[in-house]
Structure formats: C-alpha cells, structure tokens
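Counting convention: from 1, in listed order, for ligands and their atoms alike. For the numbers below, each heavy atom of this structure counts, side chains included, while hydrogens, waters and symmetry mates do not.
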Amino acid sequence: MADTRKIYVLNGPNLNMLGTREPEIYGYDTLDDIAERMEDVAGRAHVEIVFRQSNHEGYLVDWLQEAHAEGAHAVIINPGAYTHTSIALHDAIKGITVPVIEIHLSNPHKREPFRHKSYVGMAAKGTIAGFGPMSYMLALEAALEL
Ligand code: DHK
C-alpha cells in the first residue's frame, strides 16, 4: 500500500522574497526552487509535501493546528522573524503532538543579538540552521527518519 505520510513545510514572513532578499545572507534560491527540490526527494519516498508561506503569524498558527488535525507525520518550519517574537507559535507547537523541526537558512547565533532567542526552538523537537537551502533538505531527511 502506498505511504501517504504528509510533511508540512511552513514558511514565515519575508521568505516569499527569497532569491532577491539580502542574497549575501539568504542566497539566490527562491522558495519555489526549495519547494521543488523537497517535493522531488519526498516524492521518491512516497511522502506528500504540503508547502506554505505566509507573512501573517495567525496563518502559521492555523497551519500548525491543521497539520495536527490532519495527522501529519512532521512539520518543518522556518518562522522567519516570528522565531524571535512569537509566543503564539511556541504555544501552538506545545499544543500539538506532531514533531516540529525548526529551520533557518542563516545561523541566527552568528547574527544580531535579537536573533539569538528562539521561542520556536524552545518548543520544537530540534533545530537546523546555517546551511542555506540545505537546511530544508537536512530537515526533510530528519523528518523522513522520524
Ligand atoms: C529568516 C528570517 O527571516 C530571519 O528573521 C531569521 C531566518 C532567520 C533564516 O535564516 O532563515 O532571523
């Protein structure tokens, strides 16, 4: 029987600008490029990727709850700047049983002090940061092994 596991990949504010946004930090790949690569790998593992982006915090909360309600296998989330501010995302992750992997393209710990705290990381199963778009692929590999 086909494996119908779903992995949600959620992206927060400004990640829709990847490719042109501060490329010296975030690189030249677009979010579509990343989604395509993930879908390719996941497809070979017969896993469905649900790939979303929003600039609005509440949508990310809704989608975390949706992943839970859908019985998703895992959530990979790059919360963008909400990483460092959002108790709502922290609480949403604590309130669901789906394992959540926090990711970042850059390594926030090498950047400004206001990026050193992660409300999401405090609730997530684990964090992968600093590998550019490869952070997404490493998280997918981890999610597939869970
Ligand atoms: C993305 C952002 O938009 C920032 O606000 C975070 C993260 C870092 C990233 O590296 O992917 O601080």
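The shell of residues lying under 4.0 angstrom from ligand 1, judged by heavy atoms, excludes Tyr82. Put simply, part of Asn78 is less than 4.0 Å from ligand 1, judged by heavy atoms.
Closest protein heavy atom to atom 12 (O) of ligand 1: His84 NE2, 2.7 Å. Shortest contact from atom 9 (C) of ligand 1 to any protein heavy atom: Leu105 N, 3.4 Å. For atom 10 (O) of ligand 1, the closest heavy atom belonging to the protein is Ser106 OG, 2.6 Å. For atom 7 (C) of ligand 1, the nearest non-hydrogen atom of the protein is His104 ND1, 3.6 Å.
Interface atoms of ligand 1 facing Tyr26, defined by a heavy-atom separation under 4.0 Å, are 1 (C), 2 (C), 3 (O), 4 (C), 9 (C), 10 (O). Residue Arg21 has at least one heavy-atom neighbour below 4.0 Å for each of these atoms of ligand 1: 2 (C), 3 (O).
Residue-level proximity to ligand 1 for Ile103 is absent, since no heavy atom of it falls below 4.0 angstrom. The residue Asn14 has no part lying near ligand 1, judged by heavy-atom distances below 4.0 Å. Of the heavy atoms in Glu102, none comes closer than 4.0 Å to ligand 1.
The closest donor-acceptor contact from the side chain of Gln53 to the backbone of Leu10 lies at 3.5 Å or more, if one exists at all.
Counting heavy-atom neighbours within 6.0 Å of Met137 CE, excluding the residue itself, gives a total above 12.
If you run side-chain hydrogen bond (donor to acceptor under 3.5 Å, both in side chains) between Tyr8 and each of Glu48, Arg52, Glu66, His68, only Glu66 comes through.
Nearest heavy atoms, Thr83 versus Ser118: CG2-OG, 3.2 Å. Of all non-hydrogen atoms in Ala123 and Lys94, the two that sit nearest each other are CB-CG, 3.9 Å. Here the closest heavy-atom approach between residue His73 and residue Leu146 is recorded as CE1-O, 3.1 Å. Nearest heavy-atom pair across Pro108 and Ala129 is CD-CB, 3.9 Å. Here the closest non-hydrogen pair linking Val98 and Ala72 is CG1-O, 3.5 Å.
In this structure, of Ala129, Ala81, Gly132, the residue bringing a heavy atom nearest to atom 5 (O) of ligand 1 is Ala81. Of the candidates Met17, Arg115, Glu22, Arg115 brings a heavy atom nearest to atom 4 (C) of ligand 1.
The existence of a salt bridge linking Asp33 and Arg37 is excluded, since no basic side-chain nitrogen approaches an acidic carboxylate oxygen closer than 4.0 Å.
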